[in-house]
Amino acid sequence: MTPGSRDQRIQPRWPMIEDDDRTVMSEMPRWEEPEAGRLPVLIVLRGAQLGRRYLMNEKRFVLGRRDSVATLVIPGDPKISSKHCEIEHDAERDCWVVRDAGSTNGTRVNGKAVDTADLAEGDKLLLGDTVIKFSFHDEVESEFHHEVDRLMNIDELTGLVVLRVFRERFHEAFAASTRARRPLALLMMDLDGLKKINDTHGHQAGAMTISGVGHMLGDLIGSRGLVARFGGDEFMAAFPGLDRQAAVEEGEKIRAALAAQKFAFGEALLRPTISIGVAAMPEDATTPERLIRVADEALYRAKAAGRDRVST
């Protein structure tokens, strides 16, 4: 390979991990099991949200299927009532208590139907077909589970939520918008010219471009909506409260921001553009699946019309 060749000018976006055989010596730390600061948590052992943790950082929670009455929403199980049960901290006895809230199918603790019951470490609550474990985590366990959650729910390349999480939250937002009779918009987005970037600069440049666009979308959209990588160089974003026209304006902001962006890859400056398809409920669809399809069809029209544009 000659000096100055393209491969030598590539600067990897991700740091290389190096290791050797040396062992670093330190004093043996003294381990003490934490007594204070143990945090009560609920962990879904069986159900639509398998593995999800709910940190109980308040004194009272209402568990149920509807966000209009429940403070801790457990979707995806039709046997769970809108307001199923309550879990509350009894300060006088310093314990947590579960109370059934008149649910249709009842609340069970370790297989036994209860109206009211004290909760102990490891108890399993059965709500509908969903099994939830009551437990306590200390700081170390909390850090571990936080990292596991991140690995399971965040796309490492883009920093966005993984598609599974997006779909789950999108369906929840769609249901909530339907009940509240509020609009919800969906944007389907596809990068233009990624194949040329891959062919000219290599697939590492393409991956860096996807990564950069993903982080840019996350920063632009922030808490106003939810965005994820749909696959390859496609992204999708949902905006509760936006109708079709407002979503088109949002799409134009995204398109213009990317058109002005340059990604440095070695000595090359990469300038990808983006095509965006927009759809909104209730104008375009009354089901989540139909809304996705309409937005995807709009994206196809944007690509066919010349790319780097927003279409409905």
Side-chain angles (χ1 to χ4, degrees), residues 13 152-174 184-222 224-240 242 244 247-263 265 270-281 284-285 287-312:
R13 181 177 176 82
M152 289 179 60
N153 299 323
I154 301 299
D155 175 36
E156 186 174 3
L157 182 64
T158 62
L160 304 174
V161 296
V162 297
L163 185 59
R164 169 184 54 79
V165 173
F166 178 91
R167 289 188 181 278
E168 177 184 296
R169 296 182 184 174
F170 169 62
H171 279 75
E172 292 174 9
F174 195 100
L184 181 145
L186 184 69
L187 275 60
M188 294 291 290
M189 300 171 276
D190 188 22
L191 293 182
D192 305 319
L194 189 70
K195 183 179 186 301
K196 182 177 180 180
I197 291 174
N198 285 335
D199 292 345
T200 304
H201 303 286
H203 284 81
Q204 189 179 22
M208 188 210 71
T209 302
I210 293 172
S211 175
V213 171
H215 283 87
M216 187 201 78
L217 288 173
D219 291 339
L220 278 174
I221 294 171
R224 295 178 297 108
L226 182 69
V227 59
R229 184 160 66 115
F230 187 67
D233 58 346
E234 287 188 317
F235 298 85
M236 63 194 308
F239 291 90
L242 294 192
R244 187 198 297 149
V248 168
E249 295 172 4
E250 193 70 43
E252 284 292 352
K253 292 177 184 177
I254 292 172
R255 187 203 62 77
L258 183 57
Q261 182 72 50
K262 301 174 183 178
F263 297 99
F265 186 75
L270 310 179
R271 297 181 176 88
T273 59
I274 197 166
S275 297
I276 302 175
V278 174
M281 62 84 76
D284 300 311
T287 66
E289 293 75 18
R290 177 62 182 168
L291 189 61
I292 292 174
R293 180 175 177 181
V294 174
D296 199 41
E297 291 171 350
L299 172 60
Y300 178 82
R301 288 191 287 273
K303 302 287 277 190
R307 305 180 180 185
D308 189 24
R309 64 192 63 211
V310 180
S311 296
T312 58

Nearest 0.5 Å, what's the [atom1]-[atom2] distance between [X] and [Y]?
X: Asp296; Y: Met188; atom1: CG; atom2: CE; result: 4.5 Å
X: Leu191; Y: Asp308; atom1: CG; atom2: CG; result: 11.0 Å
X: Met216; Y: Ile221; atom1: CE; atom2: CD1; result: 8.5 Å
X: Ile274; Y: Leu187; atom1: CD1; atom2: CG; result: 9.0 Å
X: Met189; Y: Leu217; atom1: CE; atom2: CG; result: 5.0 Å
X: Thr287; Y: Ile292; atom1: OG1; atom2: CD1; result: 8.5 Å

Between [X] (side chain) and [Y] (backbone), is there a donor-acceptor pair under 3.5 Å?
X: Ser211; Y: Leu157; value: yes
X: Ser311; Y: Leu299; value: no
X: Asp284; Y: Ala280; value: yes
X: Arg167; Y: Val165; value: no
X: Arg244; Y: Ala247; value: no

Checklist entry - What pairs with Thr158 under side-chain hydrogen bond (donor to acceptor under 3.5 Å, both in side chains), at least two apart in sequence or on another chain? => result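 Only Asp155 meet the side-chain hydrogen bond (donor to acceptor under 3.5 Å, both in side chains) criterion with Thr158.
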
Between Leu163 and Met236, does the side chain to side chain contact (heavy atoms under 4.5 Å, CB included) criterion hold? Intermediate values first, please.
CA-CA 9 Å; Leu163 185 59; Met236 63 194 308; 3.9 Å; yes

Would you say that [X] contacts [Y] through its side chain, given a criterion of any heavy-atom pair below 4.5 Å between the two side chains?
X: Ile210; Y: Phe235; result: yes
X: Leu220; Y: Lys253; result: no
X: Ile154; Y: Val162; result: no
X: Leu184; Y: Leu291; result: yes

- [ ] Check step by step if salt bridge (charged side-chain N to carboxylate O under 4.0 Å, His left out) holds for Asp192 and Lys303.
- [x] CA-CA 8 Å; Asp192 305 319; Lys303 302 287 277 190; 2.9 Å; yes

Trace of the side chain to side chain contact (heavy atoms under 4.5 Å, CB included) decision for Lys196 with His201: CA-CA 8 Å; Lys196 182 177 180 180; His201 303 286; over 6 Å; no

Does the pair Asp233 and Asp190 meet the rule for a side chain to side chain contact (heavy atoms under 4.5 Å, CB included), with working shown? CA-CA 6 Å; Asp233 58 346; Asp190 188 22; 3.1 Å; yes

Smallest separation among heavy atoms of [X] and [Y], with atom names:
X: Arg224; Y: Pro240; result: O-CD, 4.2 Å
X: Ile197; Y: Pro272; result: CD1-CB, 4.4 Å
X: Ala302; Y: Ile276; result: CB-O, 3.8 Å
X: Met281; Y: Phe174; result: CG-CE1, 3.7 Å

Item to complete: Fit a plane to each ring of Phe166 and Phe170, take the angle between them on a 0 to 90° scale, and name the class: parallel (under 30°), tilted (30 to 60°) or perpendicular (over 60°).
Response: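 Ring orientation, 0 to 90° scale: parallel.
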
query = Does Glu252 pair with Arg255 as a salt bridge, N-O distance under 4.0 Å?
reply =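 Salt bridge present between Glu252 and Arg255.
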
Between Glu297 and Arg293, does any side-chain N to carboxylate O distance fall below 4.0 Å?
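A salt bridge is present here (some side-chain N lies under 4.0 Å from a carboxylate O).
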
What do the steps show when you test Phe265 against Thr209 for side chain to side chain contact (heavy atoms under 4.5 Å, CB included), and what is the final call?
CA-CA 9 Å; Phe265 186 75; Thr209 302; over 6 Å; no

Residues which pass side chain to side chain contact (heavy atoms under 4.5 Å, CB included) with Lys195, listed by chain and number, not counting sequence neighbours
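Here the qualifying residues are Asp199.
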
